[in-house]
There are 2 protein chains.
Amino acid sequence: MLDLAILGLLQEREFHGYEIRKRLRDDLGLFANISFGSLYPALARLEAAGAVVSSELPGPGRRSAEPVPATGSLGGELAAFRSRRDGTPRGTKRARKVYRITDLGRKQFEELLASDEPAGTDDARSFGLRLAFARHLAPPARLGLLERRRAQLAGRLAADRARVEAGSAFDSYTRSLVEHSTETTEHDISWLDRLIESERLEQQQQQQTGPVVRPDDTRPRRRDGEDHTVKGTVP
Amino acid sequence: MLDLAILGLLQEREFHGYEIRKRLRDDLGLFANISFGSLYPALARLEAAGAVVSSELPGPGRRSAEPVPATGSLGGELAAFRSRRDGTPRGTKRARKVYRITDLGRKQFEELLASDEPAGTDDARSFGLRLAFARHLAPPARLGLLERRRAQLAGRLAADRARVEAGSAFDSYTRSLVEHSTETTEHDISWLDRLIESERLEQQQQQQTGPVVRPDDTRPRRRDGEDHTVKGTVP
DNA sequence: AGGATGATATATCAACTCGATATATCGACG
DNA sequence: CGTCGATATATCGAGTTGATATATCATCCT
């Protein structure tokens with residue numbers, strides 16, 4: 001799961017670990033707080049598998065000028081020694097390891113994105129993650145993703161409603177919880193329906209006006225000018 | 001987290017492992033699918049800690065003469081043994097281990113329920129679980145639970161909105177995802193507000209009409225006839 | 001009758017995630 | 001001038017997950 005997120009981010013450009021965490025937390029909101037205890041092992045994993053390569057950056061700060069801060073003698077002897085050795089203008093922070101995706105990594109990303117990895121699981125995060133990277137999917141696979149999720153939610157809604165029906169055994173708190181869950185699922189489904197509809201529309205137009213898209217073409221396509229909008233809050 | 005769920009269920013009556021899983025999956029819907037790899041270790045943990053005790057039942061199914069005397073005590077065991085002796089066709093399943101909560105377990109349950117265990121985490125499940133057991137909380141603690149959750153969600157909403165604002169860098173899929181997340185958070189907050197309001201109202205009435213409730217009284221109270229309703233969908 | 005499937009029931013394992021903690025550097029604030 | 005908070009990497013224990021193994025019984029299919 002994390003692998004997919006990391007590879008997806010690295011698709012865009014190079015990142016170092018701390019940055020990846022920030023992006024996942026601040027931009028997407030999924031993975032509210034990824035722990036470093038997951039992130040760094042995941043990066044090591046991916047590097048061992050040849051999906052990414054890392055390179056050490058000693059510390060290229062924004063401040064290009066080097067005021068040569070006289071070696072803070074009290075600090076760690078080892079660190080002082082190392083920084084003196086490599087002669088870099090240690091202007092900034094600590095040394096970072098930046099990770100870059102490889103061709104193999106790109107291939108693995110496509111596979112992860114297409115399959116429903118945490119199989120069968122009704123996991124909102126795994127869907128959200130895939131949707132955030134949906135631009136890297138071929139249009140048919142995109143529709144498939146949306147429809148699989150819709151089916152999942154439909155199943156959940158059925159279960160929710162069954163609970164509401166048989167809910168006479170619940171106290172008012174539990175009842176309210178179950179009812180709220182039902183409403184949320186309904187809201188999710190109507191959102192998905194809008195997504196699916198606009199996706200269908202766009203794909204039809206694409207077929208009529210644009211060139212024919214090979215059904216097995218999974219390479220990312222950049223159509224930056226366009227905007228197959230989905231917005232529009234429910235009235 | 002699981003410990004709380006298990007102890008809460010066992011509050012009601014005895015259960016065996018498989019049954020606990022079913023209840024958590026079917027009734028509440030939280031913990032969509034608890035794995036046995038979590039459940040059985042958790043039960044072993046709780047038993048080692050003295051929070052529960054287990055007893056082996058060779059296998060009294062529903063098809064036995066006496067439909068499981070819900071005495072919750074040794075009576076069930078004995079009856080099962082007798083029914084096997086007197087030629088009943090051993091009608092039942094595999095031997096089960098039923099778990100019963102102890103006084104110590106009840107104490108641990110109160111503590112777990114009151115504290116916000118997975119501390120600081122914006123975890124919907126841990127809140128849902130506590131709400132499902134809210135009847136075991138003293139009224140002030142109940143309000144505290146709701147208000148802590150409200151504060152969490154308010155923070156989340158702020159983050160969501162910040163993402164929507166700065167969202168020009170997103171493609172339409174990600175944008176739609178973030179917008180939907182915002183709407184969901186808003187919905188959650190308005191639900192919580194209704195819960196809080198009705199809880200406040202009820203507690204005021206309780207103070208005026210009913211007997212004085214000792215603030216440290218955390219024992220479960222059963223007021224089965226009443227209904228401090230929260231229902232009422234948003235117009 | 002027999003055979004496959006699926007529900008009931010307990011248990012274990014590798015892989016993964018999380019929260020806490022340790023280490024180190026740097027800017028800012030009082 | 002020391003402490004706080006942000007940047008940055010790394011590791012550890014504990015807990016969760018999904019898969020798998022074992023076993024018994026019921027039910028459906030042939």
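In what follows, every heavy atom counts, from backbone to side chain, and hydrogens, waters and symmetry copies are set aside. In this text the structure is predicted, and so the values were computed from the model without any measurement. Note on naming: letters A, B, ... go to the chains in the order of the sequence lines (proteins, then strands), and numbering restarts at 1 for each one.
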Check the distance between [N]'s [atom2] and [X]'s [atom1] and give it to me in whole angstrom.
| X | N | atom1 | atom2 | result |
| --- | --- | --- | --- | --- |
| B:Leu2 | D:dT17 | CG | P | 7 Å |
| B:Arg21 | D:dT17 | CZ | C1' | 12 Å |
| B:Arg25 | D:dT16 | CZ | P | 18 Å |
| A:Leu39 | D:dT7 | CG | P | 15 Å |
| A:Glu19 | D:dA8 | CD | P | 7 Å |
| A:Lys97 | D:dA10 | NZ | C1' | 9 Å |

So, is the end of the B:Arg125 side chain (NZ or CZ) under 6.0 Å from the ring centre of B:Phe31 and within 45° of the ring's axis?
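That pair qualifies as a cation-pi contact.
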Evaluate the criterion salt bridge (charged side-chain N to carboxylate O under 4.0 Å, His left out) for residue pair B:Glu14 and B:Arg100; output intermediate values, then yes/no.
CA-CA 5 Å; B:Glu14 292 185 344; B:Arg100 186 163 41 81; 3.4 Å; yes
Which nucleotide in the set [options] lies at the smallest distance from any side-chain heavy atom of [X]?
| X | options | answer |
| --- | --- | --- |
| B:Tyr18 | C:dT17, C:dT12, C:dT8 | C:dT8 |
| B:Pro41 | C:dA9, C:dT12, D:dA10 | C:dT12 |
| B:Arg96 | D:dT17, C:dA9, D:dA10 | C:dA9 |

Ion pair B:Asp3/B:Arg45, N-O distance below 4.0 Å
yes
Which residue, B:Ser38 or B:His16, contacts DNA chain C at a nucleotide closer to its 5' end, judged by nearest heavy atom?
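In this pair, the answer is B:His16.
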Nearest heavy atom decides the nucleotide; on that basis, is B:Ser35 or A:Phe36 closer to the 5' end of DNA chain C?
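Between the two, 5'-proximity favours B:Ser35.
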What contact category does [X] fall into here, base, sugar-phosphate, or nothing, at under 4.0 angstrom with non-hydrogen atoms?
| X | answer |
| --- | --- |
| A:Arg125 | sugar-phosphate |
| B:Gly37 | base |
| A:Arg45 | sugar-phosphate |

Can you tell me if A:Thr184 and B:Trp191 form a side-chain donor-acceptor pair at under 3.5 Å?
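A:Thr184 vs B:Trp191: no donor-acceptor pair found between side chains.
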Between B:Lys22 and C:dA9, does any side-chain N or O lie under 4.0 Å from OP1 or OP2?
no
Examine C:dT10: is either OP1 or OP2 under 4.0 Å from a nitrogen or oxygen in the side chain of B:Tyr40? Give yes or no.
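Answer is yes, contact under 4.0 Å.
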What residue pairs, at least two apart or across chains, pass ring pair (Phe, Tyr, Trp, His ring centres under 6.0 Å) with a residue in residues 11-30 of chain A?
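For residues 11-30 of chain A: A:Tyr18-A:Phe36.
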